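Here the structure is a predicted model, which means the values were calculated and not measured.
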Amino acid sequence: MVSPVPLSPQSRARALAGLGGGELDVLVVGGGVVGAGAALDAATRGLRVGLVEARDWASGTSSRSSKLIHGGLRYLEMLDFRLVAEALKERGLLLQFLAPHLVRPVPFLYPLRHRVRERPYVGAGVLLYDTMAAASGRALGLPRHRHLLKRQALREAPALRSDALVGAIQYWDAQVDDARHTMFLVRTAAAYGALAANRARVSRFLRQGERVVGAVVTDLETGEQTEVRAKQIINATGVWTDDTQSMAGTRGQFHVRASKGVHLLVPRDRINSRTGLILRTEKSVLFVIPWGRHWIIGTTDTDWNLDKAHPALSARDVDYLLEHVNRVLATPLVAEDVEGVYAGLRPLLSGEAAETSKLSREHLVAHPVPGLVVVAGGKYTTYRVMAKDAVDEAARGLDEKVAACITQRVPLLGADGYPALWNSRHSLAQRSGLHVARIEHLLNRYGSLVPELLDMVAADPSLGEPLPSSDDYLRVEAVYAVTHEGARHLEDVLARRTRISIESWDRGVDAAGTVAGLMASHLKWDRAHQDREVDHYLKRVAAEREAQQQPDDQTADAVRLGAPDIIPVR
């Protein structure tokens with residue numbers, strides 16, 4: 001088992017120095033799930049790898065998904081069997097081996113509205129879904145689907161209106177905290193030797209004739225620039241793919257369109273159900289997903305041509321989701337029930353379809369100019385396949401023979417030993433003095449790395465206390481986010497290392513000062529710097545709340561941009 005490597009301020013400084021210290025085999029641009037996966041793939045093949053991200057790890061699409069690891073049941077209806085089979089295999093790998101501490105099963109109920117024709121049709125699709133999962137050899141740990149009568153369905157989900165269904169089918173998929181999973185990919189890549197630095201932007205590519213031979217990387221924290229030489233560069237920048245390609249003087253062989261997906265969080269007690277829901281809409285499907293003490297309701301699928309860094313959510317988006325979910329709920333939700341919101345952008349391969357819901361969820365890899373590989377499209381669940389294909393393409397441009405991909409056999413940090421620690425959670429609670437519920441929370445976020453946090457609590461028992469107005473999270477988690485998980489700013493902790501920004505009624509306002517204080521000594525912040533971090537975060541929350549009241553995308557986007565990034569990315 002590889003030894004854990006912290007993503008500390010010191011390791012970031014060493015990575016930036018190392019990036020300029022000799023030619024890399026591969027430089028990966030983009031710290032979302034595909035870029036992080038590509039860095040891990042390349043590092044575990046024995047290549048010398050760098051990974052840079054202009055903002056924070058997973059700060060774009062990879063922290064704003066529906067939090068599902070799934071085969072895409074609705075893609076069966078589109079006859080996209082290859083994509084579904086591929087995703088189901090990856091789902092099984094993540095659940096059973098790669099990240100069992102981060103990925104877990106979740107049930108969904110599909111209400112049936114019609115007595116005769118709907119059950120055979122939907123049932124056949126779900127049966128095929130389960131059969132394809134079993135054929136992958138990776139279906140262990142997930143129950144098979146079951147058909148329910150109306151009374152059985154209402155026992156599972158009493159919140160449903162009696163006239164909203166005549167029966168139901170229940171099936172199982174999986175879910176993940178996407179931002180934490182992506183961060184764990186980065187940490188695991190670093191443990192295998194990758195040089196990883198966030199808040200480090202590629203300013204321009206270096207050329208020798210037609211060939212791309214490296215990049216100039218700017219440390220956005222200090223303004224210092226480093227020339228990074230690399231035999232191959234992988235552009236894994238998602239919805240920014242076309243922007244990154246333009247720096248190489250080419251737009252590439254395909255283009256990426258952004259589709260906005262919106263999600264709401266409501267408290268768990270607002271919907272009385274033991275299972276998630278999947279509901280058909282006019283254009284797509286709507287999920288109601290159990291998420292700790294909350295429900296996630298989403299998503300939309302609409303074209304987006306405005307700011308890519310902070311896609312804004314409008315009153316129209318909130319109304320759309322509430323209207324559709326309320327069609328089946330006995331007690332309707334109202335806007336005041338919404339405690340948190342977020343919007344993300346899917347990178348879809350551009351085509352002739354007028355609606356983004358009809359654009360391809362599959363991925364493509366290209367080599368538009370020598371030395372530069374681009375990977376785009378796809379879905380979160382199949383990140384590992386996308387990463388493999390990108391590194392395979394880069395390997396073809398290297399002089400030496402490169403080993404084959406082995407990431408299907410490389411568990412993420414925290415996976416090894418997780419089941420044994422889970423079984424020992426009561427004794428861990430007794431030894432640490434924390435309630436067993438706290439230990440379970442930590443195990444499902446850190447896996448077998450939990451002893452690192454418990455050692456910190458043992459050294460300073462105050463770190464075992466919960467954060468203000470964010471009782472699910474402990475003070476030690478804010479410190480660990482800085483010392484081990486690469487957090488550089490208050491927003492990184494509140495929005496991605498934890499999910500306080502969407503799970504708390506005040507969206508993290510009450511916790512902001514405490515968290516900034518916990519981060520300060522490890523990042524050498526003085527009081528003025530702490531105040532700036534808190535002020536920036538409060539302005540972000542205020543802008544998001546005001547954008548939520550706007551009638552459309554344009555006005556919501558303009559309001560959201562009123563709160564600038566704490567570190568501008570130009």
Side-chain angles (χ1 to χ4, degrees), residues 15-32 34-54 189 193-197 200-220 224-256 347 349-350 363-378 386-405 569-570:
L16 285 167
L19 288 170
E23 188 177 41
L24 301 173
D25 293 312
V26 176
L27 173 65
V28 182
V29 183
V34 176
L40 175 59
D41 186 296
T44 53
R45 297 191 197 205
L47 299 176
R48 188 162 188 263
V49 182
L51 171 65
V52 293
E53 161 59 42
L195 301 170
R201 182 177 66 89
V202 169
S203 305
R204 59 185 175 88
F205 288 125
L206 300 174
R207 305 287 291 264
Q208 283 184 358
E210 289 297 308
R211 185 175 188 83
V212 174
V213 296
V216 174
V217 174
T218 301
D219 179 353
L220 295 177
E224 295 180 6
Q225 292 192 332
T226 302
E227 284 199 359
V228 182
R229 298 283 170 171
K231 297 173 184 175
Q232 292 287 316
I233 292 178
I234 295 176
N235 172 11
T237 51
V239 293
W240 288 274
T241 295
D242 289 4
D243 302 316
T244 309
Q245 289 298 100
S246 68
M247 290 193 293
T250 174
R251 289 196 63 199
Q253 298 163 350
F254 51 81
H255 308 305
V256 172
L349 298 177
S350 186
H363 69 275
L364 290 176
V365 175
H367 222 138
V369 295
L372 180 63
V373 171
V374 59
V375 55
M386 296 174 66
K388 170 190 176 297
D389 290 350
V391 177
D392 281 347
E393 184 64 30
R396 282 190 271 275
L398 298 176
D399 295 332
E400 65 273 17
K401 182 175 175 59
V402 177
C405 171
V569 180
R570 301 183 183 87

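- Remark: Q245 CD to L372 CG distance equals 5.0 Å, nearest 0.5 Å.
- Across A376 and T241, no two heavy atoms sit closer than the pair CB-OG1, 4.0 Å.
- The side-chain contact (heavy atoms from CB on, under 4.5 Å) check on A54 picks up R201, V569, with sequence neighbours excluded.
- The closest side-chain heavy-atom distance from L47 to L398 is below 4.5 Å.
- Atom-to-atom distance recorded for L24:CG and K231:NZ is 9.5 Å, nearest 0.5 angstrom.
- What you find for V49 and A42 is that their closest heavy atoms are CG2-CB, 3.5 Å.
- The shortest heavy-atom contact between A196 and A15 is O-CB, 3.4 Å.
- Looking at residues two or more places apart in sequence or on another chain, you find a side-chain contact (heavy atoms from CB on, under 4.5 Å) between A387 and A38.
- For the salt bridge (charged side-chain N to carboxylate O under 4.0 Å, His left out) test, residues two or more places apart in sequence or in another chain that qualify with R45 are D41, D392.
- A search for side chain to side chain donor-acceptor pair (under 3.5 Å) contacts involving R204 returns nothing, not counting sequence neighbours.
- Taking E23 as the reference, nothing meets the salt bridge (charged side-chain N to carboxylate O under 4.0 Å, His left out) condition, with sequence neighbours excluded.
- The side chain to side chain donor-acceptor pair (under 3.5 Å) test applied to T237 returns N235, T244, not counting sequence neighbours.
- Under 4.0 Å is where a charged nitrogen must lie from a carboxylate oxygen, and between R48 and D25 no such pair does.
- A 6.0 Å sphere centred on CD of Q208 holds no more than 12 heavy atoms belonging to other residues, nucleotides or ligands.
- Residues satisfying the side-chain contact (heavy atoms from CB on, under 4.5 Å) test with Q225, not counting sequence neighbours, are S203, V216, T218.
- A 4.5 Å side-chain heavy-atom check between V212 and R207 finds at least one atom pair inside the cut-off.
- A215 is linked by a side-chain contact (heavy atoms from CB on, under 4.5 Å) to L27, V202, F205, I233, counting only residues two or more places apart in sequence or in another chain.
- Residue G30 comes nearest to L51 through the heavy atom pair O-CD1, 3.5 Å, listed as atom of the first residue, atom of the second, then distance.
- Remark: D389 engages H363 in a side chain to side chain donor-acceptor pair (under 3.5 Å) (not counting sequence neighbours).
- Contact of the D219 side chain with the T226 side chain is not registered, since no non-hydrogen atoms from C-beta on lie closer than 4.5 Å.
- Nearest approach of V375 to A236, heavy atoms of both residues: CG1-CB, 4.0 Å.
- Looking at residues two or more places apart in sequence or on another chain, you find a side chain to side chain donor-acceptor pair (under 3.5 Å) between Q232 and H367.
- Residues V26 and V391 have side chains not in contact (no heavy-atom distance under 4.5 Å, counting atoms from C-beta outward).
- Nearest heavy atom pair, residue A197 against residue A200, reads O-CB, 3.8 Å.
- Listed by chain and number, the residues in a salt bridge (charged side-chain N to carboxylate O under 4.0 Å, His left out) with R396 are E393 (sequence neighbours excluded).
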